[in-house]
Amino acid sequence: MSLNHSLETQSKLIARVSVITGRALPEWFQAIDNGPAFLRCEERANWLADEHGLTHGYAAAIVQEHERRRRTR
C-alpha cells in the first residue's frame, strides 16, 4: 500500500475525513499519538485501518497529514 496520494487526492480525502469517519482530524491525530509506537507510516496506517475500521485510503491520508503537521510544529 502506498501512502503517497496526489496532492489533489490527499486534499479531497482530508476534507471528507470527519464526514466519512465521524471523527475530526485532531481526534485521529490523538489516536495516532496514543497508539502503538510504530516506526513506519505504513504501519500506522495499517493499524488505523485495522483497529478503527477505516479504509486504507483514509487511514493513509490521516497518517500522511499527521506527519506533515508534526513536521511543521
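On a predicted model such as this, the values are computed, not experimentally measured, just so you know.
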side-chain hydrogen bond (donor to acceptor under 3.5 Å, both in side chains) partner of Arg69, chosen from Glu65, His66, Glu67: Glu65
Evaluate the side chain to side chain contact (heavy atoms under 4.5 Å, CB included) criterion for residues Gln64 and Ile14: first the C-alpha distance (whole Å), next the side-chain angles of each, then the deciding distance (0.1 Å), finally the verdict. CA-CA 10 Å; Gln64 189 173 3; Ile14 291 302; over 6 Å; no
For Gln30, look at atom CD and say whether over 12 heavy atoms of other residues, nucleotides or ligands are found less than 6.0 Å away. no
So, taking the atom named CG in Leu48 and the one named CD1 in Ile32, what distance separates them when rounded to the nearest 0.5 Å? 4.5 Å
Verdict with reasoning, Tyr58 to Arg16, per side chain to side chain contact (heavy atoms under 4.5 Å, CB included): CA-CA 9 Å; Tyr58 278 102; Arg16 296 179 10 194; 2.9 Å; yes
Scanning both residues in full, the closest heavy-atom pair of Ala49 with Ala59 reads N-CB, 3.9 Å
Looking at Glu27 and Ala24, would you say the former's side chain and the latter's main chain have a donor-acceptor pair under 3.5 Å? yes
Closest non-hydrogen atoms of Gly35 and Trp47, given as atom of the first, atom of the second and distance, are CA-CH2, 3.9 Å
With a 3.5 Å distance limit and no angle check, can you tell me whether Arg44 reaches the backbone of Phe38 through a side-chain donor-acceptor pair? yes
What's the spacing between Ile62 CD1 and Thr21 OG1 if we round to 0.5 Å? 5.5 Å
Quick check: do His52 and Arg23 have side-chain heavy atoms less than 4.5 Å from each other? yes
